[in-house]
Amino acid sequence: MQLGFYIPAVIAIISSILVITRVNAVHALLYLIVSLFSVAVVFFTLGSPFAAALEIIIYAGAIMVLFIFAVMLLNLGKEADVEEKRLLNFKLWIGPGILSLILLIQLFVILLSNNTSGIESQIITPKEVGISLFHKYLLGVELSGLLLMSGIVGAFYLGEKKKKSRHRFFQGENK
Amino acid sequence: MLNLLWIVPALPFFSFLILALFGRRFSLKTASILGAGSVGISALFTILIGISFISNPPENFKFVQTLWTWFNVAGFNPSISFYLDPLSIVFIFVITFVGFLIHLYSVEFMHDEEGFSRFFAYMNLFVGSMLTLVLADNLLLLYLGWEGVGLCSFLLIGFWYKDPANGAAAQKAFIVTRIGDTAMAIGLFLLVANLGTLNINEILTQAPAAWSQGSSLATAAALLLLGGALGKSAQLPLQTWLPDAMAGPSPVSALIHAATMVTAGVYLIARTNTLFILAPKVQELVAVIGAATLLVAGFSALAQHDIKRVLAYSTISQIGYMFLALGVGAFSAAIFHFMIHAFFKALLFLAAGAVIISLHHEHNIFKMGGIKNKMPLIYWTFLIGSASLASLPLITAGFYSKDMILWFAWSSPKGSTILWAAGLFGAFITAIYTFRMVFITFFGEQKTEISHTPGKLIKVPLVILAVLSLIGGFIELPGTLGHLPLFSGFVDKVLPSVHLIDENILQEGIFQIIAAITALAGLYLSYLFYLRRTASEGKTALHKFFYSGWGFDWIYERVFVRPVIFLANINKSDFIDLVYSGIAGTTSFAHKILSKTQTGKMRWYAMGIAAGAVITITIIVFL
Amino acid sequence: MNQVTLEISLALAGVLFIIGLIGVMVRRNIIFMLMSIEIMLNASGLAFVAAGSKWMQADGQVMFIFILTMAAAEVSVGLALILKIYSRFKTLDADSLNRMKG
């Protein structure tokens, strides 16, 4: 048994479940970061240090931080009360629960019907990743660049606060 | 000369086209010249052709002018061809000549009506169709003319279309005659299927060869053709449309419902006489129907108070006489009576029309009276027409024609005493109701003022027709009075003549005297009842029964009309339409259901994606 | 040592994915839905890396980089949208934003 795999696996699952059941947004985000860390450890076990590092630096370190900043910007107040009410609604969980359970069972059935060999623990170095990235998948890199730029432009435009322009007739009134 | 035969029907058709297309822009004068003139020129040509035919007859007394082949399908190729023989000459003479006089009359009669050129267009179309009917070489062309005159009858009865009652009368005429037309069409199908041709001459030669006397095919064909004749000629049981058809203008009643269209049935039976001779039971039926009709209509005429309805029932009755003659085999007598009847009935209708418009469009004879001296010419012409209708002896043409029919009803091998007695009694009733009409309308106190007196164009046709009603009979003098069978000699070249059981001049003379006495007795009785006493509209049940035409309308209403309306009401929402509205309904129902899936909520869509994924995986992997 | 089989890794990825799916379907707050989507993306990235590691190629990690990039772009735009929605509708309830309903 690979402990290095199973413990982070369990932690990831538990923290993910906690993410989706929390009331407070920031609490949920923190649990999400925990989940991401444990997945990074799983990456290490699978012999992909580069992916693990990236996961921590970018996913947990940048994206989640962005998330937290945005949530804080929202300045939600006593929203927790309203959320709690909805949480208590157990009936909501039944439908999605059943659907997802079926999906999970199907997935397991598919997976367990194959008998393949195990993963040889050979570490794939960042150098290999880099070579593959900039040789085989160069086009993908360029496209990612385009994607990121469009993301930036979109975010920039959406974040703009439009100055409310009033007709000069109404200029003197209170905003 | 005979080659100009095609002009006779072509001219009215041509005039109809011009009037129909451009009539609105014509002045009254142009339209009347075109309308009446075309029929007049046709009459002229008819007279010339007739003279040429009589003086220099073609072989077998038949002349065929083929214009073109109509169509050619599977060996059946009817052609547009006109067939001239003594029978059709008599008919086209009556149609064009009497038609021309009526057109002249209409110029003045319809002078103030709107739709003047429309009227003449329809009248010309009618004359053209009727000429096609009688000149047709094959039964298909005859049927074309048949339908054409039916259409024109509909158009002209409902001429004053703004009043819905006129439209209803026109519809009734069309629908009732349609029943007969359908029977005739089926008869034509039968003939084509069995004999392969509808050419009249070929049918008349092939049918006796193919079918034996009294065979079921011959009986069926003759019966179906008889059905068509009954419809057009308004005999029992399809006679209910003619009294209501009086809603049209008087010239229309004169032309269509007295002289020509209603005699189309007589023409049909006379033309296809071989078929009827092949089916003796049907011929008997023709005579019986004729006798029954003349009595029923005669009694009904006794009780009417609208002057035109009296004349309408009188027409039904007189055509009954013609059918009686056809039924006993006296074809030439029937045609002779047709010609004389056309003269005096047209005269009566035209004179009645003149009376009506002179008295502010008053139709009720009980509101007329005492105009004998105020309108002398109309009075005398009406009197002459009525005398001819009542067949007053010796001086009127009606006497000769009706007497001929009565004699043959007795003496022909297919005749019988009952038929003769019915005809005689009918003559008695005819005299009574005719003179009832004369006395109430013209004698006594005047109840309505005269608004205007008629002009020349009305008077001249009346005079001409009156003269013909008097002297027309002299071309066919019976054996007792000098034996001058000009007419029957001419027509018998193509129609079978009657072979009497025994030709007994004395017997014929006795019967003539009986007929003469009957007519005079009717005149005297009517004088007693209607002139001496003041006439009144009786309100007894018997009177009402006769007034309603022996209740035929009542029966038809209950047996035919009401069930159909009931069924139509059940099907009001048209259950076949349910298929289409059902499709639309199902579609909108499905739309309502499907539109509920567009909730606008994101979670719902996410659920949909998840469910879709589950189902897809299930199908692909596990099935 | 015993190896970690590919199936187990994929099973883990599947479980995480399902959890994320449940989160999307159940939570009404938009922020939580976005978070659940992040969980799902992470799970798919795990699947890729596991597959690449099995075949001992760098392709899995390269795909993971691309996924990461995409997640970053998506989060930035998504959060900007959320801020806009909040300032416009004054609520973060996804169910109340149903003006597109048919």
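Sequence lines set the chain letters: A, B, ... in the order given, protein chains first and strands last, and positions in each chain run from 1.
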Worksheet entry | Flag if over 12 foreign heavy atoms under 6.0 Å of CZ, Phe48(C) | no

Worksheet item: Is it the case that more than 12 heavy atoms not belonging to Trp70(B) sit under 6.0 Å from its CH2 atom?
Response: yes

Worksheet item: Should we count CZ of Arg558(B) as having more than 12 external heavy atoms under 6.0 Å?
Response: yes

Worksheet item: Within a reach of under 6.0 Å around CZ of Phe189(B), are more than 12 heavy atoms found that belong to other residues, nucleotides or ligands?
Response: no

Side-chain donor-acceptor contacts of residues 61-76 of chain C below 3.5 Å, not counting sequence neighbours, with atom names and distances?
residue  : atom : partner  : partner atom : Å
Gln61(C) : OE1  : Ala51(A) : N            : 3.4
Thr69(C) : OG1  : Ile65(C) : O            : 2.7
Ser76(C) : OG   : Ala72(C) : O            : 3.2
Ser76(C) : OG   : Ala73(C) : O            : 2.7

Worksheet item: For Arg562(B), does the CZ atom have more than 12 heavy-atom neighbours from other residues, nucleotides or ligands under 6.0 Å away?
Response: yes

Worksheet item: How about residues 14-25 of chain C versus chain B: which residues have heavy atoms under 4.5 Å apart?
Response: Leu21(C), Val24(C), Met25(C)

